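Accompanying notes for the structure given below.
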Amino acid sequence: MGVAVPGGPLPRLGGFGAYDELGEPDEMGDPGPGRRPAGIDGLPAPDELLQGLNEPQRRAVACHGGPLLVIAGAGSGKTRVLTRRVAHLIASGEARPSEILAITFTNKAAGEMRERLVDLVGPVASRMWVSTFHAACVRILRSHADRLGYRRSFTIYDAADSRHLVDRILRERNLDTKKLPPRSVLAAISGAKSELVDFETFRARAVTIFEQRIADVYGEYQERLVAASAMDFDDLLVVTVNLLQACPDVLETYQRRFRYVLVDEYQDTNRAQNELVLMLAAEHHNVCVVGDADQSIYGFRGADIRNILEFEEAFPEAQVIPLEQNYRSTRTILDAANAVIGHNTTRVPKALWSQGETGEPVRRYRADDEHDEAAWVAAEICRLRDKEGLRLGDVAVFYRTNAQSRALEEALVRAAIAFKVVGGTRFYDRREVKDVLAYLRVVANPADEMSARRIVNVPRRGVGDTSVAKLSAWARAEGRSFAEALDHAGEAGVVGKALQGVSALCGVLADLRSAAAAGGGPARMVELVAERTGYRTVLEADQTVEGRGRLENLGELAGAAAEYDDLDQFLESVALVSDADDLDGDASRVSLMTLQTAKGLEFPAVFLVGMEDGVFPHLRALDDPRQLEEERRLCYVGMTRARRHLYVSHAWSRTLWGSTSHAIPSRFLAELPPELVQDTGGASTSRPGALRRVPSRRPWASVPVRDAGDRPSAGDGADDFHDPDPWGDGDGAVTGRRAAAAGSQRPRSVTRGAAPRPTGTRRLPKMAEERFRQPPGR
DNA sequence: GATGGCAACATTTTT
DNA sequence: TGTTGCCATC
């Protein structure tokens, strides 16, 4: 579980052990409470689980029964508390593993928690539900979705599928996609769903014409989803809530089953998720939520801090335990982070403290442009590796938007520093992968119109728009699905080459179905699609880099599929993997990622780059105080990921979408206490006002080039820089235990970086205007 | 119905 | 800047 597929970037879902049917607890094979004396069967004595914890942590672990709110500051050992608490519930005989539902934010976090629980209490841990909200909902829905008119093999639409569907609806209704961009329509729909507002309610509330239009689209969108037996991400939550509301027997089943509910990152739950928790806990009230309002960074996607703030209203008898001692960062880093977050006005004041050492100052660099900034990052990473003895895996670079990774990738390639970009373009978003998956989705769910339309002419088989329109019309007239129309292409009026093409497709689908019926696993089916459609032949003929890459991707997809026996499970895992799941804790590579992906992680050394107003905080947040505060929380999250070394930088000019513009340093930089910050040179400090034409004057221009992945010998890892978790029991997110996903470094970065820009073409840094310059440290 | 070329557009952040 | 979608042509 949770282990990256060897050689591929597709991680296996960390969600569940055995994907068993929902059974009564007694059938789950674990001894019940009272029947298992503590301390034997490989279980630790409950008191052992309290060792090494501070007082509030201990209370949070040991207090059973009743609602509990743990306010866990950054680095306060929250994951550890959560894990120990679950183990304690089991070890003390309070709960059976099967009675516990633990919700985490990412699949990777779920996988790690499960791993640690296995370490603590043994294999019985696999009887627990440890998963994300979405994965837990899918699991419930697989058993009961038919009660609401969905197939049990429903399809999960990702963001792109959803957008295509909205786009299609807008077009069919002749609505102007300029005035009503699919993106914003979808955002409105998604926002409504995350607050459990259905389309009738949405329509009733609609005031402007704009809103009324969206309401109409929302209505049809939902109808089409149901007709296709498909759910978008929001539906997974909404439909589950609807299910539990509509079917009291189902609700009762799960209320009885999950006697203990635990939720991590509660500040990032939306109203639908909150409702789910409240419903499940309504009977027993054994609900423990952990969160930190200062780390709420998903407001833009419907997360609602009120959930955590109002927890005590929902459960007046709730205990509240704050964890304020930080075990992660140096005092300097912590003070700096506290100073920044202190500028948020709508905030319950709280102060993290640390007994750790003071540590080094925050290092700040003022770069000419993003290339200069990236070169500085590369040079500092070399220094950390060579002088401070850090491994590359100890270093992370965070940025606000994925687009910023480019310059960094180039510089790192040039400096021969091995790195890994986490997130960005996802494996399963690649065309050939989505194409093959669409075939499998049609087999799993023939009602899935979007997928059927996608494959009807992929690869090219002469079925054009007119034929598709005929099939579509026939399906509508007959009240059948689009996939069924394929079998009646002749009746539908499809002729000639197109008709041949459609019957070829039907042949492929028939083969796939019989393979599935004969027990062929997902991997076999991936192979079959590649063979029978001629996809493989086409790609093999393509000798370009892209062609080879695509072929490789299909191989990787088959490899990922081989991890599963069941088609539905495989498709579900593909739909639910996230960027953060891609992290493999490879000790030999620097990690590059967005700030949000960084949540929940920690690194000995952290770079926060692109700290300019308009980049971070993001342009769209500048004039909205609420969004600005969210950006500041994001900054806080980023800073508190660092253990010992924190670097911040900004560039005076930055090229974005092909045009270069000036930028002033981020206001967040001005919020850092000057005495905690050390300037490390760069424009406007070492040579104020001067154009810096000669790159070789840079101290790092003569950085020794090493082979990528090279690092100091393994023997030097004895000091605490190298201990992934000197204070704890493995709370560090960078565990290095995972197998490296070989070849997952994006080839694009290698080819780009292999051709360094000739010095002569290096754009001269624009003069930093006086009014843009900040007095040092203020 | 397929292909190639050009213009317009786009970037927050993600389960 | 890179991608996507539209249009004209074969």
Side-chain angles (χ1 to χ4, degrees), chain A residues 13 15 103-110 131-138 156-160 162-164 167 171 177-178 181-183 186-187 190 193-194 231-238 265 268-270 272-273 296-303 370 398-407 422-426 429 431 457 459-469 494-498 501 572 575-582 593-599 610 614-622 624 627 630-631 633-635 637-638 654-660 748 752:
Chain A
L13 270 191
I103 301 290
T104 58
F105 200 67
T106 63
N107 297 301
K108 177 173 172 284
S131 75
T132 62
F133 270 107
H134 295 264
C137 286
V138 170
I156 302 168
Y157 278 1
D158 66 19
S162 306
R163 207 175 53 244
H164 284 139
D167 198 56
R171 280 165 201 276
T177 52
K178 293 264 189 327
R183 266 177 180 282
L186 195 58
S190 176
K193 285 187 176 184
S194 69
M231 302 190 202
D232 63 19
F233 280 134
D234 302 304
D235 278 345
L236 296 178
L237 307 169
V238 174
E265 308 281 14
D268 285 320
T269 53
N270 62 30
Q273 291 166 325
S296 162
I297 55 173
Y298 285 103
F300 71 91
R301 98 177 178 204
E370 72 270 24
F398 302 153
Y399 36 79
R400 180 71 229 291
T401 64
N402 281 119
Q404 288 169 257
S405 74
R406 217 141 265 169
V422 184
T425 48
R426 279 181 291 201
D429 278 339
R431 184 195 289 153
N457 197 30
R460 302 264 131 111
R461 47 173 78 90
V463 187
D465 291 343
T466 45
S467 302
V468 170
V494 178
V495 291
K497 204 168 61 169
E572 163 189 326
L576 296 182
V577 285
S578 71
D579 286 348
D581 300 330
D582 204 23
M593 67 189 86
T594 63
L595 282 153
Q596 8 267 1
T597 308
K599 190 175 77 157
V615 176
F616 184 37
H618 192 271
L619 190 65
R620 305 251 302 253
L622 286 180
D624 178 349
Q627 284 191 60
E630 180 150 312
E631 298 280 311
R633 290 193 292 268
L634 197 52
C635 183
V637 166
R654 185 172 292 274
T655 304
L656 225 52
W657 320 307
S659 72
T660 306
R748 148 176 94 79
R752 247 214 325 267

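Both backbone and side-chain heavy atoms feed into the values below; hydrogens, waters and symmetry mates do not. In the text below, chain A, chain B and the rest are named by the order of the sequence lines, each starting its count at 1. These numbers come from a predicted model, not from an experiment.
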Ranking A:D465 and A:I297 by the position along DNA chain B of their nearest nucleotide, the one closer to 5' is A:D465
A:N107 CG to B:dT14 P, in whole Å, measures 15 Å
Quiz prompt | Distance test, side-chain N/O of A:R163 to OP1/OP2 of B:dT14, below 4.0 Å | solution = no
Same-atom distance (P) from B:dT13 to C:dT4, integer angstrom: 15 Å
query = How is A:Q404 classified with respect to the nucleic acid when contacts are heavy atoms under 4.0 Å: base, sugar-phosphate, or nothing?
reply = nothing
Taken to the nearest whole Å, CZ/A:R460 to P/B:dA2 is 6 Å
*asked:* Check A:D167 with A:R163, please: is the shortest side-chain N to carboxylate O separation under 4.0 Å?
replied: no
C:dG5 and B:dT12: how far apart are their C1' atoms, nearest whole angstrom?
-> 23 Å
Have a look at A:R633 and say if it touches a base, only the backbone sugar-phosphate, or nothing, with a 4.0 Å heavy-atom cut-off. nothing
The test is side-chain contact (heavy atoms from CB on, under 4.5 Å); show your working for A:S296 and A:D268 and say whether it passes.
CA-CA 6 Å; A:S296 162; A:D268 285 320; 3.9 Å; yes
Side-chain atoms of A:H618 come closest, of B:dT13, B:dT11, B:dT15, to B:dT11
Applying the 3.5 Å cut-off to both distances, the Watson-Crick or G-U partner of B:dT3 turns out to be C:dA8
Checklist entry - Using a cut-off of 4.0 Å on non-hydrogen atoms, how would the nucleic acid contact of A:F133 be classed: base, sugar-phosphate, or nothing? => result nothing
Practice task
I would like to know whether A:F105 and A:Y298 meet ring-ring contact (aromatic ring centres under 6.0 Å, His included); could you show each step before the answer?
Solution key: CA-CA 11 Å; A:F105 200 67; A:Y298 285 103; 5.1 Å; yes
Classify the nucleic acid contact of A:Y298 as base, sugar-phosphate or nothing, counting any heavy atom under 4.0 Å across all strands shown.
sugar-phosphate
To the nearest angstrom, the CD-C1' distance between A:E572 and B:dT15 comes to 13 Å
Partner of A:T132 under side chain to side chain contact (heavy atoms under 4.5 Å, CB included), picked from A:L236, A:N107, A:V138, is A:N107
Output for pair (A:T655 OG1, A:E370 CD), nearest 0.5 Å, gives 4.5 Å
From the candidates B:dT14, C:dG2, B:dG1, the one with an atom nearest any side-chain atom of A:R406 is C:dG2
* Asked: Do A:R400 and B:dT13 have a side chain to base donor-acceptor pair shorter than 3.5 Å?
  -> yes
Here the distance between atom P of C:dC6 and atom CZ of A:R171, to the nearest Å, is 5 Å
Whichever of A:L634 and A:N457 has the more 5' nearest nucleotide on DNA chain B, that residue is A:N457
Separation of B:dT12 atom C1' from A:L622 atom CG, nearest Å, is 12 Å
- Would A:F300 count as stacked on B:dT12 if the rule is ring centres under 5.5 Å and plane angle under 30°? no
Rounded to whole Å, CE of A:M231 lies from P of B:dT15 at a distance of 20 Å
Picking from B:dT13, B:dT11, B:dT15, the nucleotide nearest the side-chain atoms of A:F233 would be B:dT15
Please verify the inter-ring angle class for A:H134 with A:F233; under 30° counts as parallel, over 60° as perpendicular, anything in between as tilted. perpendicular
note: A:L619, atom CG; B:dA10, atom P; distance rounded to Å ~ 14 Å
*asked:* With a 4.0 Å cutoff (strictly under), does any side-chain N or O of A:S467 reach OP1 or OP2 of B:dG1?
replied: yes
Donor-acceptor pair, distance only, cut-off 3.5 Å: does the side chain of A:R400 make one with the backbone of A:V615? no
Self-check item: N/O (side chain, A:T597) to phosphate O (OP1/OP2, B:dT14) under 4.0 Å
Solution: yes
ask   = Between A:H134 and B:dT15, do the rings stack, that is, sit under 5.5 Å apart with planes less than 30° off each other?
value = no
From CG of A:D235 across to C1' of B:dT15 the rounded distance in Å is 13 Å
Next item on the list: Give a yes/no on whether any side-chain N or O of A:R620 is located under 4.0 angstrom from OP1 or OP2 of B:dT11.
Entry: no
